[in-house]
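Following: one structure in structure tokens, then a few remarks.
Note on naming: letters A, B, ... go to the chains in the order of the sequence lines (proteins, then strands), and numbering restarts at 1 for each one. Side chains are part of it too, since the values below use all heavy atoms of this structure and drop only hydrogens, waters and symmetry mates. Computed from a prediction, not measured in an experiment: that's the story for all the values here.
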Amino acid sequence: MRAGLVLFPGTNRERDMALALQRVTGRKPAMLWHRDTELPAGTDLVVLPGGFSYGDYLRCGAMAAQSPIMRAVREFAAKGGHVLGVCNGFQMLTEAGLLPGALLRNATLRFLSMDCHMRVERADTPFTHRFRQGQVFRSTMAHGDGNYFAEAAVLDRLEGEGLVALRYSTPAGEVTEAANRNGSARSIAGILSPNLRILGLMPHPENQVDPQIDGTDGLPLFESLAASFAEAA
Amino acid sequence: MKVLVTVMPKAGVLDPQGKAIGHALAGLGFEGIGEVRAGKVIELDIAETDAARAKQAAEEMARKLLANTVIESFRVEVA
């Protein structure tokens, strides 16, 4: 799998993401700059990592969504390319119109830096097939604006078409108000594009890929991606 | 020409910031405060002498960048 990681001024989670990708592919991802206008030939996956691009000016991800590289990312996605957006990357994907809805200020108004659990709602996608359907995994949230919002009709469509990939839950897999710390609509933590090739999520699965650091709960997501492209090759 | 773009959270979109401001005002003893909504004003200086054209340009800027129309509404005024 040839992955490209996009860096914006203020991106700060690119190294963790690069290590997670390298762990499953044995290959260093290409580091791309926001001013680049093209993706390297043969790119399989574009990753928009977390951080505070452009200081979160105007709205989180709003400036990044208008940067030169995003034109190439849009074209890549339109041709069926795979895109993963984590945290600020998810915000960029919604701002760029590649995923529906928006991420509002956390309902508590507090920046949340803590563990969370997510239930896998779809285990048959390029990002999730190494999880079991309904599997719960632990991850980390670190965001001020992770409160997923979309109009009721959009939420109904996402649910109806099975595009909700991940939901905040208790460790036992119950979707409760208390487990939904940022106040996201219908406890949505991650959503997919209709072709299942774009995934945006707020928590950081790249934090949990090394048994010596914080366990490997997030590893199946990266193994899923690596396996998707190994099979295709 | 100065143009003001006012961006507000859409009706129906939770505005926790506005709510917190409302609570703080009540805490200061201000009475009878209903709903409080917090938005932002963006002041643009546009090289344009025609008010209608300036307004049109600012509206396009608002749609493309200044507001996220999924969650925000905007109003443009030529100052």
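- Only the backbone of B:K64 comes within less than 4.5 Å of a heavy atom in chain A; its side chain stays farther off.
- Residue A:N106 touches chain B through its backbone alone, counting heavy-atom pairs closer than 4.5 Å.
- Ring geometry for A:Y148 against A:F90 counts as parallel: the plane angle stays under 30°, on a 0 to 90° scale with 60° as the upper cut.
- Heavy-atom distances place the side chain of A:L104, and not its backbone, under 4.5 Å from chain B.
- A donor-acceptor pair shorter than 3.5 Å can be found between the side chains of A:N88 and A:Q91.
- When only modelled atom types and interatomic distance are considered, A:D16 and A:H204 share no side-chain donor-acceptor pair under 3.5 Å.
- For a residue to count as touching a neighbouring chain, one of its non-hydrogen atoms must lie under 4.5 Å from one of that chain's; by this rule B:Q17 touches chain A with backbone and side chain alike.
- Shown are A:T170, A:L166, A:V175; of these, the side-chain contact (heavy atoms from CB on, under 4.5 Å) with A:R119 is made only by A:V175.
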